[in-house]
Engineer: 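Pasting a structure here, questions to come.
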Amino acid sequence: MTTVAALPPDPATVTHLLYLHGFRSSPRSTKAQQMAARVARDHPRVTWCCPQLPPSPTAAWALIEQTVADWPRAAMAVVGSSLGGFYATRLAALTGCRAVLLNPAVDPARDLAAHIGEQTAWHNPEERFFFRPEYVQELRELAVGPLPDPARVLLVAATGDEVLDWREMVARYPGSPQRIVPGSDHALSDFVDHLDAVIEHLRLAR
């Protein structure tokens, strides 16, 4: 396990937390539920939101914007997994909020171009949706450049990720604190082992 780029002092505490799931996933993901339980137990003052994101990236981003429209920018944070990490990166870039990225998708337009067509929901195989060709262009349009305040963004990347390349993640977030997990997998099945570090970075209100 390696961690680099120590966080600068920041007295602000987070009172609003958004969790963004990945492609084909949902608020029922193990990581989302573990995070929700930890927030409810130890940080009852924190407003928690984990919406079901629509397949269209444009629609997903519109929902994200609507969700945080009234949230205090200085006291909000986001956690994003996989494709949710791509959206979380955009949110952090535009608002300056604190963020944690869990095996984030660095170039989802490239990666998801191979998944155009009918898809099944991970947590309910009977639920189906269609990933349309135009969604790839929507992802391109949502991409952002370097983060204006990289120290506020924590990367958690597993070297055993079987879907995405952790080295691309490391290269994408220079200057950010990086928690490199030996082994593990794309789902971060050992996420509970990293919750303390995630919570510490988020600086949630108690």
Side-chain angles (χ1 to χ4, degrees), residues 1-8 17-39 50 53 57 77-93 97-115 119 121-123 131 136 139-140 142-147 149-204:
M1 187 83 62
T2 60
T3 303
V4 299
L7 290 172
L17 180 60
L18 177 66
Y19 186 100
L20 302 175
H21 63 74
F23 184 65
R24 295 178 55 222
S25 192
S26 77
R28 289 173 287 172
S29 79
T30 300
K31 293 191 298 296
Q33 292 183 345
Q34 289 173 336
M35 191 85 216
R38 179 67 174 268
V39 170
C50 180
L53 299 176
V78 60
V79 176
S81 172
S82 192
L83 181 58
F86 172 78
Y87 295 138
T89 298
R90 179 176 174 84
L91 188 62
C97 71
R98 302 188 75 79
V100 174
L101 312 177
L102 310 173
N103 285 335
V106 171
D107 189 352
R110 176 199 65 195
D111 299 335
L112 291 179
H115 295 273
Q119 303 290 332
W122 182 257
H123 299 102
F131 190 76
V136 173
L139 286 168
R140 293 193 185 103
L142 290 174
V144 294
L147 294 170
D149 195 353
R152 295 175 68 83
V153 178
L154 169 66
L155 169 68
V156 181
T159 65
D161 191 323
E162 71 282 8
V163 177
L164 301 173
D165 188 340
W166 69 275
R167 289 160 295 197
E168 282 193 334
M169 304 175 200
V170 169
R172 171 66 177 90
Y173 300 97
S176 291
Q178 299 182 352
R179 186 177 176 87
I180 309 304
V181 182
S184 190
D185 52 22
H186 182 63
L188 270 178
S189 299
D190 55 351
F191 179 60
V192 68
D193 296 334
H194 311 293
L195 261 175
D196 285 347
V198 169
I199 295 293
E200 180 181 2
H201 177 82
L202 292 174
R203 298 177 180 172
L204 302 180

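Heavy-atom basis, side chains included; hydrogens, waters and symmetry copies ignored.
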Engineer: Tell me, please, which residues at least two apart from Arg90 pass side-chain hydrogen bond (donor to acceptor under 3.5 Å, both in side chains).
Structural biologist: none
Engineer: Nearest 0.5 Å please: distance from the OG atom of Ser81 over to the NZ atom of Lys31.
Structural biologist: 3.5 Å
Engineer: So which pairs with a foot in residues 165-174 pass salt bridge (Lys or Arg N to Asp or Glu O under 4.0 Å), sequence neighbours left out?
Structural biologist: Arg110-Glu168, Asp165-Arg167
Engineer: Between Leu101 and Thr89, is any pair of side-chain heavy atoms under 4.5 Å apart?
Structural biologist: yes
Engineer: Can you give me the closest heavy-atom contact between Ala158 and Ser184, atom names plus distance?
Structural biologist: CB-CB, 3.8 Å
Engineer: What's the separation between atom CG in Leu139 and atom CG in Asp107, rounded to the nearest 0.5 Å?
Structural biologist: 9.0 Å
Engineer: Applying side chain to side chain contact (heavy atoms under 4.5 Å, CB included), run through Leu83 and Leu53 and close with a yes or a no.
Structural biologist: CA-CA 10 Å; Leu83 181 58; Leu53 299 176; over 6 Å; no
Engineer: Is the shortest side-chain heavy-atom distance between Tyr87 and Val78 below 4.5 Å?
Structural biologist: no
Engineer: Hey, what do you get for CG (Leu202) to CG (Leu195), rounding to the nearest 0.5 Å?
Structural biologist: 10.0 Å
Engineer: Show the nearest heavy-atom pair for residues Gly22 and Ser82, with the distance to one decimal.
Structural biologist: CA-CB, 4.2 Å
Engineer: Quick one: closest heavy-atom pair of Leu154 and Ala197, and the distance?
Structural biologist: CD2-O, 4.0 Å
Engineer: Hey, what do you get for CE (Met35) to OG (Ser29), rounding to the nearest 0.5 Å?
Structural biologist: 11.5 Å
Engineer: Looking only at heavy atoms, which two atoms of Pro104 and Gly85 are closest? And how far apart?
Structural biologist: CB-CA, 3.9 Å
Engineer: With distance as the sole test, does His201 use its side chain to make a donor-acceptor pair with the main-chain N or O of Ala99 at under 3.5 Å?
Structural biologist: yes
Engineer: Is there a donor-acceptor contact under 3.5 Å from the side chain of Glu162 to the main chain of Asp185?
Structural biologist: no
Engineer: Tyr19: what forms a side-chain hydrogen bond (donor to acceptor under 3.5 Å, both in side chains) with it, not counting sequence neighbours?
Structural biologist: none
Engineer: Taking all non-hydrogen atoms of both residues, which atom of Pro150 and which atom of Ser176 are closest, and how far apart?
Structural biologist: O-OG, 2.7 Å
Engineer: Can you name the side-chain hydrogen bond (donor to acceptor under 3.5 Å, both in side chains) partners of Asp193, sequence neighbours left out?
Structural biologist: none
Engineer: Rounded to the nearest 0.5 Å, what separation is found between the CG atom of Leu147 and the OH atom of Tyr173?
Structural biologist: 6.5 Å
Engineer: Under the criterion side chain to side chain contact (heavy atoms under 4.5 Å, CB included), I'd like the reasoning laid out for Val198 against Phe191: C-alpha separation, chi angles, the key distance, then a yes or no.
Structural biologist: CA-CA 10 Å; Val198 169; Phe191 179 60; 4.1 Å; yes
Engineer: Measuring from atom CZ of Arg24 to atom NE2 of His115, what distance do you get when rounded to the nearest 0.5 angstrom?
Structural biologist: 9.0 Å
Engineer: With a 4.5 Å heavy-atom cut-off, do Asn103 and Val163 have their side chains touching?
Structural biologist: no
Engineer: Which atoms form the tightest heavy-atom contact between Pro27 and Cys50, and what is the distance?
Structural biologist: CG-O, 3.2 Å
Engineer: Considering residues at least two apart in sequence or located in another chain, which fulfil the ring pair (Phe, Tyr, Trp, His ring centres under 6.0 Å) criterion with Phe131?
Structural biologist: Phe23, Tyr135
Engineer: Got a sec, which residues hit side-chain hydrogen bond (donor to acceptor under 3.5 Å, both in side chains) with Thr159, two or more places apart in sequence or on another chain?
Structural biologist: none
Engineer: In a check of side chain to side chain contact (heavy atoms under 4.5 Å, CB included) between Met169 and each of Leu155, Val156, Ile180, which one passes?
Structural biologist: Leu155
Engineer: So do the side chains of Asp196 and Arg38 get within less than 4.5 Å of each other, counting heavy atoms only?
Structural biologist: yes
